Number of protein chains: 2
Amino acid sequence: MTLAEENYLKAIYHLEQQFKKGVSTNALAEEMKTKASSATDMIKKLAEKNMLTHIPYQGATLSDAGRDYAVKVIRRHRLWEVFLVEKLNFSWDEVHEVAEHLEHINSDKLVNELDAFLGFPTYDPHGDPIPDKEGNFTYIEKIVLAKAEVGITYKCIGVDDTSSKFLKYLDSNNIGLGTIIKILYKEPFDNSIKLGLGKVEIVVSQSVAKNLYLKKV
Amino acid sequence: MTLAEENYLKAIYHLEQQFKKGVSTNALAEEMKTKASSATDMIKKLAEKNMLTHIPYQGATLSDAGRDYAVKVIRRHRLWEVFLVEKLNFSWDEVHEVAEHLEHINSDKLVNELDAFLGFPTYDPHGDPIPDKEGNFTYIEKIVLAKAEVGITYKCIGVDDTSSKFLKYLDSNNIGLGTIIKILYKEPFDNSIKLGLGKVEIVVSQSVAKNLYLKKV
DNA sequence: ATTATAATTTAGGCAAATCTAAAAATATGT
DNA sequence: ACATATTTTTAGATTTGCCTAAATTATAAT
């Protein structure tokens with residue numbers, strides 16, 4: 001598997017998870033920030049390698065081999081993110097780019113020793129689950145802040161948007177993984193939400209509310 | 001700089017150090033395990049990028065920028081080797097291949113934090129010096145075992161051949177970095193050498209003697 | 001000095017991954 | 001249902017890094 005192939009597999013996997021159906025050429029091209037013709041080419045190549053099945057003009061669906069491979073890359077990515085944050089003092093908005101490179105180093109010994117060195121972590125710094133050696137992981141049901149209920153207290157467990165901008169915004173408002181958040185008020189006019197963070201109260205916009213994941217505590 | 005460019009720069013740097021003169025196309029091709037025509041192509045490309053100067057049919061010589069870049073890649077390689085051996089339980093014959101990949105991840109933050117995390121090591125697991133942030137490193141004069149004197153006691157500080165075969169051979173004879181070695185006898189017939197390792201005496205062949213570096217203790 | 005040999009470069013081609021532009025297939029609106 | 005719009009695919013070009021084979025330049029030998 002080349003670097004490009006691995007990145008496409010990962011993108012297809014994410015789109016499959018997100019929309020629970022075959023991945024369209026356009027969606028894939030957009031995810032990969034490339035053109036539809038390039039996506040078509042790569043889909044063909046991955047189909048030949050039996051990583052996915054593809055019916056022209058319909059969607060692409062990962063095969064078991066393709067899904068396993070994608071999960072392997074995701075495992076590497078998330079383990080490296082933990083390493084960067086816990087051992088090398090990266091903040092959670094800095095890890096993504098470097099992890100994008102580290103995830104392509106294909107050595108079982110490297111990944112499994114790293115896993116052990118980190119103490120077999122189960123979640124990455126964005127709250128996403130880390131597959132184990134066999135590719136198993138448990139997905140925690142995430143509640144998006146936009147749909148949280150007034151009066152209930154939640155714990156922050158992840159983000160959707162992992163852009164530096166968004167993560168910096170969260171940092172500057174002292175919101176991170178594990179932060180306890182109480183929903184105080186939802187403003188119907190613009191869908192903004194007033195939160196309680198300990199003694200501090202802040203109001204966040206709808207776009208923030210759509211990108212922050214919580215679970216009940 | 002692409003991956004291929006970085007690898008060529010490193011190879012040119014090593015050949016320059018080794019032979020103290022301009023690097024020939026053939027030597028470079030051999031080092032890179034490729035063909036002379038490919039080496040010519042890459043030399044041209046690196047010359048255009050001002051990483052080296054090249055006079056056709058004569059040799060290539062790194063520019064300051066080229067040398068700085070090569071040293072940067074070597075720094076990354078050696079730091080990762082330390083990480084793999086000290087933190088991830090790699091043995092010194094296993095690190096090279098993985099470090100070849102890790103060395104191409106270009107993030108100053110990553111490398112400098114790794115350096116700090118490892119406690120600013122100055123030598124890698126093969127005894128080679130690790131350049132600091134500014135690219136400075138001190139080269140210890142290495143005495144090759146083949147030229148060591150009978151009756152003198154030395155410390156093992158490095159190897160030339162970093163192949164898995166050779167390193168495994170050393171391991172199986174309990175020779176590693178820091179091992180104290182006394183030269184007991186040099187056999188003129190086949191240039192083999194009898195060594196004292198603590199209470200144990202072993203005889204090593206000339207090919208071993210040419211690849212093991214020592215310093216006086 | 002001239003020829004033989006070795007080293008180097010050039011020429012032309014290939015595969016991967018991308019692009020633009022055009023063609024083909026599918027979906028949509030009235 | 002049929003024209004129009006959208007999506008997808010194909011065709012052809014480009015770049016990078018590599019190759020083989022041929023031509024060129026340098027070096028060595030007599």
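Owing to the predicted nature of the structure, the values given are computational and were not obtained by experimental measurement. Labels below follow one simple rule: chain letters A, B, ... track the order of the sequence lines, proteins then strands, and each chain is numbered from 1.
One atom, CG of B:L3, and another, C1' of C:dA16, lie 15 Å apart when rounded to the nearest Å. Atom CD1 of B:I55 and atom C1' of D:dT25 are 15 Å apart (whole Å). The OH-P distance, from A:Y57 to D:dT9, rounds to 6 Å in whole Å. One can place CD1 of B:I43 at 14 Å from C1' of C:dT10, the figure rounded to the nearest angstrom. The interatomic distance linking A:Q58 (CD) with C:dA27 (C1') rounds to 12 Å, in whole Å. With rounding to whole Å, B:K44 atom NZ is found 16 Å from D:dT15 atom C1'.
A:D64 and A:R67 are joined by a salt bridge, as a carboxylate oxygen and a charged side-chain nitrogen come within less than 4.0 angstrom of each other. Under 4.0 Å is where a charged nitrogen must lie from a carboxylate oxygen, and between B:R76 and B:E6 at least one such pair does. Remark: B:D115 engages B:R75 in a salt bridge, criterion side-chain N to carboxylate O under 4.0 Å.
Within the structure, every side-chain polar atom (N or O) of A:H54 is placed at least 4.0 Å from both OP1 and OP2 of D:dT8. One finds a side-chain N or O of A:N26 lying less than 4.0 angstrom from the OP1 or OP2 phosphate oxygen of D:dT8.
No hydrogens or angles considered: a donor-acceptor pair under 3.5 Å links the side chains of B:S192 and B:D190.
For the segment residues 4-13 of chain B, residues with any heavy atom less than 4.0 angstrom from an atom of DNA chain D are, sorted by number, B:A4, B:Y8. The stretch residues 28-42 of chain A touches DNA chain D through A:A36, A:S37, A:T40, each having a heavy atom within less than 4.0 Å of the strand.
Crowding of B:Q17 atom CD: a count of heavy atoms from other residues, nucleotides or ligands under 6.0 Å exceeding 12. The 12-atom threshold is exceeded at NZ of A:K186, counting heavy atoms of other residues, nucleotides or ligands nearer than 6.0 Å.
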Do A:S163 and A:D161 pass the side chain to side chain donor-acceptor pair (under 3.5 Å) test, and can you show the C-alpha distance, the side-chain angles, and the key distance before you say yes or no? CA-CA 6 Å; A:S163 71; A:D161 179 357; 3.0 Å; yes

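Using the six-membered ring where Trp is involved, A:Y169 and A:F166 have ring planes that are parallel, under 30° apart on the 30 and 60° scheme.
Distance check, rounded to the nearest 0.5 Å: OG1 of B:T162 to NE2 of B:H126 gives 5.5 Å.
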